[in-house]
Amino acid sequence: MIREPAGTARKIGAALFAALLTAMTSGPAHAAADGVTSADVSFTGGGGVVLHGTVLIPASGAGRRPGMVMLEGAGNRGRGYLEPDAEAYARRGIVTLVYDKRTVGYSVIHRDYSVLADDALAALRLLGSRPDVDPARVGLWGLSEGAWVAPLAANRSTDVKFLITVGAVGATVAAQTAWAYGRYLDHAGVTGSLVGTMQRTAVRSAMGANLFAEADYDGLPAWRQVRQPVLAEWGQLDRDALPALSSRLIATALRTGGNAHHTVRIVPAVNHDLHVTANGGFDRLTDLPADYGDYEAAWIAADPAHPPAVRVVPLLPEPAPPRIVAPAWYDSGWAQLAVLLILLGAFAGYPVARRLRRSPVRSPRSAHWLASLGPIAVAGTILYVLFMLASAAKVVGPVLAGRPLPWLVLQLLAVAVVALTVPVTAAWWHRRDRGLALLVAGGVMFVPWAVHWGLLLP
């Protein structure tokens, strides 16, 4: 019997263990698309959270292939959102894993990119353990928010052999969000105070109320530490990621950190996701360009020192991101809630006070109108701003005189509240009625509040 050297025996044992691990964590393979099969997998991410995903596998060919883990953007749309992209890569010979982002520790108001990086590395380890994947050619692909996570993961493990990002952002999360609000409102024809309200007041208030996860996060320090080959891509019609500024800042960060193997690529006529667009990049269609994945597959296969040539594509001019001032004390959640309750209490307190006192004196009609319109203006403004935050300013509706119809109505209500405060103040001065005093206090406090939220600005 011929005995294998000890090193060879260890390699064979490691390969058998990897095959066993893959079999234990993978479901049965099944057809996914032409030229692609798929297998469901599960793995344990950061903090012991079990995550579920799908591996897309080239149906033809033999031997070990490159592997890639795809990280989705903000939100939790599930692996199905990226599966068409993953299938495109699999058809080009890359074993690709997509997975459902965690729900434990990830929400609209709370997330931790460091934890998401741990999840990405766990997925990478699983993919690299497959017998059909070459662990020397396994990397991460990150879209948008995933492009904030991917560099963190790459800096933690040499198991990450390459990095591909799509729509990475070079500014802080808050600055990028505010900039995108401006782009979408401008595209809808919105001008005037709502733009400033969303870009500055709403963003700062959300930060002060701890409703804006990772608002101050700056990804450039992580980019400076990346040593793996990098392909950083932006759509020419990206309306979300400040592509001109971000591509310049991230390329500079990589050069500053000494990374000589990075490629910056602008993809013509596609949106933030590198998908086909029917609205100048202001949509999120799922259709892929016919050549989607061609360049990336060639880049992965190439020598990092000699990447495929990049077609020069100009980016559109873009405004600078707004400067986000740190939240003040009045932007805190408690302060905002206190002002809201005081205003609503002052307006609603007038009819309550009259019923309790059963005053025989007839109240002025202006007082009734102020007591009715004041709460509507206050509550309506808060609800509308929250809606705009939740929809990322992408759902605007009809625009009249440069204002979305709901915002125009709120501005008219604010003007009415201020106008009604004048006769109510005169009536209170004449009668010294305590109920009217509440309305006067509410009307006076409403003025700076309405200016703060842009209701009384052009």
Side-chain angles (χ1 to χ4, degrees), residues 190 192-198 201-202 205-206 209 211 330-331 333-391 393 395-458:
V190 176
S193 63
L194 181 60
V195 178
T197 294
M198 291 307 303
T201 310
S205 296
L211 299 177
Y330 50 80
D331 294 310
W334 288 110
Q336 294 182 65
L337 179 61
V339 172
L340 180 63
L341 292 177
I342 290 171
L343 283 171
L344 293 175
F347 289 126
Y350 173 69
V352 173
R354 283 193 60 82
R355 287 191 182 93
L356 291 176
R357 294 174 60 195
R358 297 180 181 180
S359 174
V361 181
R362 184 176 181 180
S363 60
R365 184 173 297 178
S366 57
H368 288 292
W369 278 107
L370 183 55
S372 300
L373 297 183
I376 295 174
V378 172
T381 299
I382 297 301
L383 291 174
Y384 183 69
V385 170
L386 287 174
F387 169 77
M388 292 294 285
L389 287 170
S391 65
V395 181
V396 175
V399 176
L400 299 176
R403 297 163 175 82
L405 185 57
W407 184 253
L408 178 60
V409 170
L410 289 168
Q411 286 195 297
L412 293 175
L413 281 173
V415 171
V417 169
V418 175
L420 288 167
T421 300
V422 176
V424 171
T425 302
W428 166 76
W429 185 260
H430 178 70
R431 300 181 184 181
R432 302 293 178 171
D433 183 281
R434 293 180 182 177
L436 290 176
L438 281 174
L439 279 180
V440 171
V444 171
M445 287 188 62
F446 178 84
V447 173
W449 183 87
V451 171
H452 174 75
W453 285 103
L455 292 170
L456 297 177
L457 301 178

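Here, residue 1 is the first one in the sequence, and each next residue gets the next number.
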Next item on the list: Go through the steps for Val395 and Phe387 under the test side chain to side chain contact (heavy atoms under 4.5 Å, CB included), then give the verdict.
Entry: CA-CA 9 Å; Val395 181; Phe387 169 77; 3.8 Å; yes
Check: Do Phe446 and Thr421 pass the side chain to side chain contact (heavy atoms under 4.5 Å, CB included) test, and can you show the C-alpha distance, the side-chain angles, and the key distance before you say yes or no?
Finding: CA-CA 10 Å; Phe446 178 84; Thr421 300; over 6 Å; no
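Using a 4.5 Å heavy-atom threshold, the side chains of Trp449 and Ile342 count as separate. Side-chain contact check for Tyr330 versus His452: some heavy-atom pair is nearer than 4.5 Å. Contact check for Val399 versus Leu405: no side-chain heavy atoms found under the 4.5 Å cut-off.
Heavy-atom minimum distance, Leu410 versus Ala377: CD2-O, 4.0 Å. Closest heavy-atom contact between Trp407 and Ser193: NE1-OG, 3.4 Å. When all heavy atoms are compared, the tightest approach of Ala202 to Leu389 is CB-CD2, 4.0 Å. Closest non-hydrogen pair, Ala419 versus Pro423, comes out as O-CD, 3.0 Å. For Phe347 against Ala371, the heavy-atom pair with the smallest separation is O-CB, 3.7 Å. Taking all atoms of both residues into account, the shortest heavy-atom contact from Gly442 to Leu343 is O-CD2, 3.6 Å.
Summarising the geometry, atom CG belonging to Leu439 is positioned 5.0 Å from atom CG belonging to Leu370; distances are rounded to the nearest 0.5 Å. Annotation: the span from Ser366 atom OG to Leu436 atom CG amounts to 8.0 Å, rounded to 0.5 Å. A distance of 12.5 Å separates NE2 in His368 from CG in Leu420, rounded to the nearest 0.5 Å. To the nearest 0.5 Å, atoms CG (Leu337) and CD1 (Ile382) are separated by 10.0 Å. With rounding to the nearest 0.5 angstrom, the OG1 atom of Thr381 is 10.0 Å from the CG atom of Leu340.
Side chain of Thr197 to main chain of Trp453: a donor-acceptor pair is present (N/O by atom type, distance under 3.5 Å, no hydrogens or angles). Proximity of a side-chain donor or acceptor of Gln411 to a complementary backbone N or O of Leu457 within less than 3.5 Å is detected.
Between Val396 and the choices Ser391, Pro406, Pro404, the side-chain contact (heavy atoms from CB on, under 4.5 Å) rule is met once, by Pro404.
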